[in-house]
Amino acid sequence: MSPGPAPRVSAAARTARLAVHLDHERGVALVRPLDPAGEPVDAVCAVPVAELDLRGTRSVWRNARTYRALLAAGVRAERAHDLELVEGLLVAADGASGAPRGLAAAAARLAGAPVPPDEEREEPTDEPPALFRRAEPDPAGTLASLVAVHAAQQRRLAADPGLRTLAAAESAGGIVAEEMRAEGLPWRADVHDALLTEALGPRPAGHGRPPRLLALAAEVEAAFGRPVNPDSPAELLRAFARAGVELPSTRSWVIRQVDHPAVAPLLAYKDLARLHAAHGWSWLRTWVHEGRFRPEYVVGGVVSGRWATRGGGALQIPRAVRAAVRADEGHRLVMADAAQLEPRILAALAGDAELARAGGRERGSDLYAGLAAELFGPNVPDGRARAKLAVLSAIYGQTSGDAGAHLALLRRRFPAAVAVVEEAARAGEEGRLVRSRWGRTCPPARPGDEVPARARARGRFTRNFVVQATAAEWALVLLAELRAMLGRAGNPSRLVFFQHDEVLLHGPTGAAPEAAELVQDAADSATRILFGATPVRIPMPARVVESYAEK
DNA sequence: CACCAACAACGG
DNA sequence: TGCGCCGTTGTTGGTG
């Protein structure tokens with residue numbers, strides 16, 4: 001293959017697909033225009049990466065690392081087909097969840113050859129992403145195999161409209177994930193540091209405990225009358241036992257019920273020790289650089305399609321440190337989360353008009369409050385809490401306590417919704433597969449899952465899967481729609497954080513109100529794209545704030 | 001010393 | 001019968 005002239009991608013090709021592979025050795029992008037079915041319509045071109053223009057095409061690439069490198073070179077894509085993400089969806093749909101999904105594996109599968117395991121994932125690194133860090137052996141061969149695997153995936157997807165849409169949404173998620181990482185979550189190290197000092201006392205010089213923890217540990221020891229390491233569950237159990245209190249564990253809610261002078265300082269210690277260990281100065285130094293926290297988002301990292309993250313625990317940012325997430329000078333955050341997403345998703349999935357109606361359609365609608373009135377009548381004490389418990393029990397599969405009675409009540413009022421989760425549970429117990437709205441597929445049963453206790457556990461898993469996976473699907477579309485709407489509006493606000501049903505945008509103050517408006521538009525659009533005509537509304541109220549801590 | 005399981009706490 | 005789903009991260013305390 002000889003490199004062609006600089007690409008003059010035709011107007012027709014612009015509406016189609018462009019296979020993109022970076023030749024790290026030569027520092028160019030190899031691109032090959034494809035028709036919608038994935039067949040090449042033009043020769044391979046070698047383009048300097050910075051000159052690549054991906055607008056108007058769906059970029060076909062190996063995995064997120066390609067886009068990470070493109071972003072680092074200042075190139076943005078509009079739409080994508082991420083071979084690795086799509087292969088994962090297809091493999092799971094075939095009931096082989098967990099099988100290798102990298103390009104090499106996909107190519108081997110295509111050739112009927114033994115499927116090699118995926119390469120180990122790269123370790124997260126503090127270095128900025130290097131564009132040409134690693135030479136790719138035989139880039140032309142890789143591009144050819146990329147085109148072949150893509151064509152095969154297209155043939156599969158053509159036969160399954162749901163999966164085809166899911167593939168597009170998953171790939172869009174891949175784009176958003178890399179762009180959020182590139183953008184970074186604004187994080188004020190000075191605010192975080194002040195907050196730590198306020199809670200823990202001045203930062204210790206070495207790796208020792210900060211003053212406040214030392215003082216509380218001493219109080220615990222004094223209360224027990226002997227040396228105790230409050231970080232050690234085993235020592236705490238022994239200390240309580242010697243004081244005449246046998247405990248099943250040292251969880252906070254267990255300790256809280258004990259009447260002993262060590263309890264108060266111990267609870268305070270556990271609280272602050274958690275802050276110090278998980279989000280203290282060490283976390284700050286490791287994960288926040290130049291005012292940004294850049295976690296690596298792993299799209300589809302959870303079997304349900306939820307995202308995972310690597311590095312810094314981005315999906316567990318405790319409320320205590322959220323004040324450090326502050327907009328830049330002259331900027332604002334737009335903070336939005338979908339209201340009671342999972343029960344609303346269930347209502348739409350089941351076509352349960354009654355549950356949809358109980359959820360309400362107003363921006364401030366509260367499904368649990370509406371349900372409380374439906375189930376228990378108006379003004380029943382704790383009605384909302386009980387309604388919430390009933391719904392979550394139905395989705396999670398809990399049958400203990402009051403949940404059984406609540407479930408019976410739900411079944412009478414919302415038979416369609418309950419039937420969906422109960423059928424999913426039955427399928428799981430019988431070892432069958434269950435799927436999300438568009439066809440994301442749960443892992444197959446494993447040997448031993450027919451044992452009653454295991455079968456029931458799998459039933460709870462599949463019961464939850466159909467709802468959680470469809471909710472994750474909705475969230476993918478929301479992200480893609482919001483990104484597209486911001487782009488079309490020329491709004492400079494950027495997605496900077498995403499957590500299951502919640503987004504943060506960051507942008508100039510003047511752009512924030514419009515961005516906040518677009519959130520509900522994107523949510524409505526996602527609901528319509530995923531479910532078509534449905535009485536279900538998913539409210540996603542957005543607020544313009546300076547700090548993530550503002551509630 | 002590296003590795004791993006159990007525990008605990010955070011998030012949805 | 002026994003019974004809520006999905007994760008990440010850090011510490012302890014054991015193992016080889």
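Values reported hereafter were calculated over all heavy atoms of this structure, with side chains retained and with hydrogens, waters and symmetry mates removed. A, B, ... follow the sequence lines: proteins, then strands. Residue 1 opens every chain.
Across all strands shown, R251(A) has heavy atoms under 4.0 Å from sugar-phosphate atoms exclusively, and none from any base. Across all strands shown, D337(A) has no heavy atoms under 4.0 Å from either base or sugar-phosphate atoms. At the heavy-atom level, R454(A) lies nowhere under 4.0 Å from the strands shown. In this structure, R319(A) reaches the sugar-phosphate backbone alone: every heavy-atom distance under 4.0 Å involves primed, P, OP1 or OP2 atoms, never a base. Nucleic acid contact for G312(A): sugar-phosphate only, since backbone atoms but no base atoms lie under 4.0 Å from a heavy atom of the residue. Residue contacts shown for S304(A) are absent, as no nucleic acid heavy atom lies under 4.0 Å away. Among the protein residues, L341(A) comes within range of no part of the nucleic acid, since none of its heavy atoms lies under 4.0 Å from any strand.
Salt bridge absent: R426(A) and E429(A) never bring a charged side-chain N and a carboxylate O closer than 4.0 Å. Between R322(A) and E550(A) there is no salt bridge, since none of the side-chain N atoms of the basic residue sits less than 4.0 Å from a carboxylate O of the acidic one. Under 4.0 Å is where a charged nitrogen must lie from a carboxylate oxygen, and between R310(A) and E296(A) at least one such pair does. Checked for salt-bridge contact, E290(A) and R292(A) miss the test: no charged N lies under 4.0 Å from a carboxylate O. With salt bridges taken as basic N to acidic carboxylate O contacts below 4.0 Å, none links R543(A) and D337(A).
The six-membered or imidazole ring of W281(A) lies away from that of H192(A), with a centre-to-centre distance of 6.0 Å or more. Between F497(A) and F293(A), a ring centre-to-centre spacing not shorter than 6.0 Å is recorded.
Nucleotides of DNA chain B with any atom under 4.0 Å from a heavy atom of chain A span, from 5' to 3', dA8(B) to dG12(B). Taking 4.0 Å as the cutoff to heavy atoms of chain A, we find the contact window on DNA chain C bounded by dT1(C) to dG13(C).
Applying the side chain to side chain donor-acceptor pair (under 3.5 Å) test to every pair with at least one member in residues 381-392 of chain A, sequence neighbours left out, gives these pairs: D366(A)-R384(A).
When the P atom is used for both dT1(C) and dA9(B), the distance is 30 Å, rounded to whole Å. Here the separation of dG2(C) from dA8(B), taken at their C1' atoms, is 23 Å to the nearest Å.
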Check the pair D231(A) / R209(A) against side chain to side chain contact (heavy atoms under 4.5 Å, CB included), numbers first and verdict last. CA-CA 11 Å; D231(A) 287 325; R209(A) 289 175 180 152; 3.3 Å; yes
